[in-house]
Amino acid sequence: ILATGGIFYYVTQRERHPGPQLPHDPSKKSVVVVGSGWAATAFLKNLDTSDYNVTVISPRNFFLFTPLLPSVAVGTLASNSILQPIRYLTRHKSRRVTVIEAEAKSVDPVAKTITFADETEVQGEVSSTTIPFDYLIYAVGAETQTFGIPGVKEHASFMKEIQDAEKFKRRFMDCIESAGFPGQSKEEIERLLHMVVVGGGPTGIELSGELHDFLEDDLKSWYPELSNNVKITVIEALPSVLPMFSRELIDYTVSTFKESKIDILTGTMVKEIKEKSVVLQMPDKTMKEVPVGLVVWAGGNKARAVSVDLMSRLPDAQKNKRGITVDDHLRMAGTDGTIFAVGDCTSTQYAPTAQVASQQGVYLARMFKQLAKRDALLEEIVAAKLQETSTESLEKQHAKAEKLRPFHYSHQGSLAYIGSEKAIADLEFFHHKFSSGGVATFLFWRSAYLSTLFSLRNRVLVATDWLKVKLFGRDLSR
Ligand code: NAD
């Protein structure tokens, strides 16, 4: 009882009542962080805010734990369990961080200003403004790539934001309930219950696995007359799904999907999405129109309009249309070194993953500590020179602080859930590669994700949701 009481006291004191914070200080440099995804959040979490005045600008006032988004789409997890309000994250910082819910509209890399607008439903008198920055951490992520394929925006669901997962769940349950509407023809029932996932990358594969679990664990008992007609098809333009995993794990995934009766069509391209069908180009180049109830588009990412605009302002240095070009220290090419770009908005030698983005955020937070030290030493040198005292030792320290180490990515491996309580993992320990798939990997997947979740609050919420689903099943309400 004493131990429980102690933990309860600690949690309520620390989690609910953060201590006082320093106000903004006009003598400190301003750092503006754009975005609240993996890179931005890792940066904020690790930054010593006593050195700077920090402002965060993001259209959503929370961080979303994207790897568990497919679990929200099928009702395994509640939305709030994988969200972390940004203010919650910055409440223990030594200096107060200003959080502004707004969308970045443009960045002027020469004048060093950023313009942003409040695009939410409710707006005040001022809904657009421009502010200056000393340093900019540009971490706006990417948006879904549709390749201009007709009907994608109008008829498909996406799987990128929390609203996408919520919308998917409503549409999925709507398909099931409509299929159960009295008098529906056999063909219409089959159409309504045909779920097509476009894209055999990790997003598409994880969603298909979760969908299959929902079907097996819950829908079979609640809709016994319909569940046999539910069909899941994954469509992938390339010859194989999950190209970032080893051949062995790709084969394991394909065979698990076969057992789960999930069809994988590789070498097949979606050419158009209509209200009730998808048009496919088959491997032999013939066209086929397939009736569908719901299409999920997980076809990859592209640069956001604000990034395209920013790159167009530096045409000589920013020639790569896929994303922002940065140097070894993550400084945006073509700028004076005060704009740093991190995460999915960049185009680097690394895959655009959460792992890369968060390591970049941590790296920059460390670099900013060093920059603050360097600037402070410079001030001391100036003061010493004015007083005509020796600056030799200070200059040595300053020269050391000037040497910034380049960013180095350490790949910890790839992990994905494939349904039926199985996961696949390509891991690297001490430069040795390990591949594993199965139930043990699933338990590893769960514990890895649980420990990667940002806060105790999220861990408790996710673990409780998993327990609730084990006890009561998934929530079927729309
Ligand atoms: P992706 O780019 O990895 O995969 C998209 C797939 O869609 C591609 O294989 C592409 O060939 C296919 N495609 C595109 N247009 C198509 C069309 N018209 N018809 C058929 N197929 C089409 O996208 P993703 O899965 O969203 O992943 C994005 C990034 O995030 C990747 O770097 C990925 O590694 C990472 N990610 C990792 C995990 C994990 O490790 N568990 C989970 C999610 C995302």
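Throughout, numbering of the chain's residues begins at 1 and tracks the sequence. Remember, it's 1-based here, ligands and their atoms both numbered in the order they're listed.
No N or O atom of Asn301 sits closer than 3.5 Å to an N or O atom of ligand 1. An N or O contact shorter than 3.5 Å is missing between Trp297 and ligand 1 by distance. The shortest N/O to N/O separation between Val270 and ligand 1 falls below 3.5 Å. Considering backbone and side-chain atoms alike, Ala416 places every N or O at 3.5 Å or more from each N or O of ligand 1. Residue Gly199 has no nitrogen or oxygen atom sitting less than 3.5 Å from a nitrogen or oxygen atom of ligand 1, judged on distance alone. The distance criterion of under 3.5 Å between nitrogen or oxygen atoms is met by Leu415 with respect to ligand 1.
Taking the six-membered ring where the residue is Trp, Phe65 and Trp38 present tilted rings, their angle falling between 30° and 60°. Relative orientation of the His329 and Tyr363 rings is tilted, given thresholds of 30° and 60° on the angle between their planes. Ring planes of Phe442 and Trp445: parallel class, angle under 30° (limits at 30 and 60°).
Lys160 and Asp164 are not joined by a salt bridge, as no carboxylate oxygen comes within less than 4.0 angstrom of a charged side-chain nitrogen. At a threshold of 4.0 Å, the pair Glu119-Lys105 counts as salt-bridged, since one of the basic side-chain nitrogens sits closer than that to a carboxylate oxygen.
Nearest protein neighbour of atom 32 (O) of ligand 1, counting heavy atoms only, is Pro352 CD, 3.4 Å. Of all protein heavy atoms, the one lying nearest to atom 20 (C) of ligand 1 is Ala237 N, 3.3 Å. The protein non-hydrogen atom at the shortest distance from atom 4 (O) of ligand 1 is Gly201 CA, 3.6 Å.
Other residues, nucleotides and ligands contribute over 12 non-hydrogen atoms within 6.0 Å of the CZ atom of Arg171.
Counting only non-hydrogen atoms, the option in Ala354, Ala298, Gly200 that gets closest to atom 5 (C) of ligand 1 is Ala298. The residue among Glu272, Met244, Met269, Glu236 with a heavy atom at the shortest distance from atom 10 (C) of ligand 1 is Glu236. Residue nearest to atom 36 (N) of ligand 1, selected from Pro239, Ser240, Gly204, Pro202: Pro202 (by heavy-atom distance).
Checking Glu259 against Ser420 by side-chain atom types alone, no donor-acceptor pair falls below 3.5 Å. Side chains of Ser208 and Glu206: a donor-acceptor N/O pair is absent below 3.5 angstrom, by distance only. Counted by atom type alone, Ser455 and Gln84 present one or more donor-acceptor pairs between their side chains at under 3.5 Å.
Close contacts of ligand 1 with Ile149, meaning ligand atoms under 4.0 Å from a residue heavy atom, involve 18 (N). The ligand atoms of ligand 1 that sit less than 4.0 angstrom from a heavy atom of Tyr449 are 41 (N). Atoms of ligand 1 lying under 4.0 Å from any heavy atom of Thr203, numbered from 1 in the order shown and given with element: 24 (P), 25 (O), 26 (O), 27 (O), 43 (C), 44 (C). Each of the following atoms of ligand 1 lies closer than 4.0 Å to a heavy atom of Phe147: 14 (C), 15 (N). Proximity to Ile235 (heavy-atom distance under 4.0 Å) selects the following atoms of ligand 1: 20 (C), 21 (N). Ligand-side atoms of ligand 1 in range of Gly300: 2 (O), 5 (C), 23 (O), range being under 4.0 angstrom from any heavy atom. Taking every non-hydrogen atom of Gly299 and a distance limit under 4.0 Å, the qualifying atoms of ligand 1 come out as 5 (C), 7 (O), 14 (C). Here is the list of ligand 1 atoms found below 4.0 Å of a heavy atom in Leu238: 9 (O), 11 (O).
Ligand 1 has no atom lying under 4.0 Å from any heavy atom of Phe245. In this structure, Pro67 falls outside the shell of residues with a heavy atom less than 4.0 angstrom from ligand 1. Not a single heavy atom of Lys160 sits closer than 4.0 Å to an atom of ligand 1. Within the structure, ligand 1 lacks Ser414 among the residues with a heavy atom less than 4.0 angstrom away. Residue contacts with ligand 1 include Thr268, since one of its heavy atoms falls under 4.0 Å from the ligand.
Formation of a donor-acceptor pair under 3.5 Å by the Gln318 side chain with backbone atoms of Ala333 is found in this model.
Screening Val31, Val107, Thr338 against Leu136 for a side-chain contact (heavy atoms from CB on, under 4.5 Å) leaves a single residue, Val107. For the side-chain contact (heavy atoms from CB on, under 4.5 Å) with Arg304, the lone residue among Leu310, Asp309, Val140 that qualifies is Val140. Partner of Tyr52 under the side-chain contact (heavy atoms from CB on, under 4.5 Å) criterion, out of Val54, Thr55, Thr49: Val54 alone.
Contact record, Leu242 with Ile250: O-CD1, 3.5 Å, taken as the closest heavy-atom pair.
Counting heavy atoms under 4.0 Å from ligand 1, residue Glu206 touches it through the side chain alone. The residue Tyr417 has no part lying near ligand 1, judged by heavy-atom distances below 4.0 Å.
Checked against a 6.0 Å centroid threshold, the rings of His411 and Tyr409 count as neighbours. Between Phe43 and Phe340, a ring centre-to-centre spacing not shorter than 6.0 Å is recorded.
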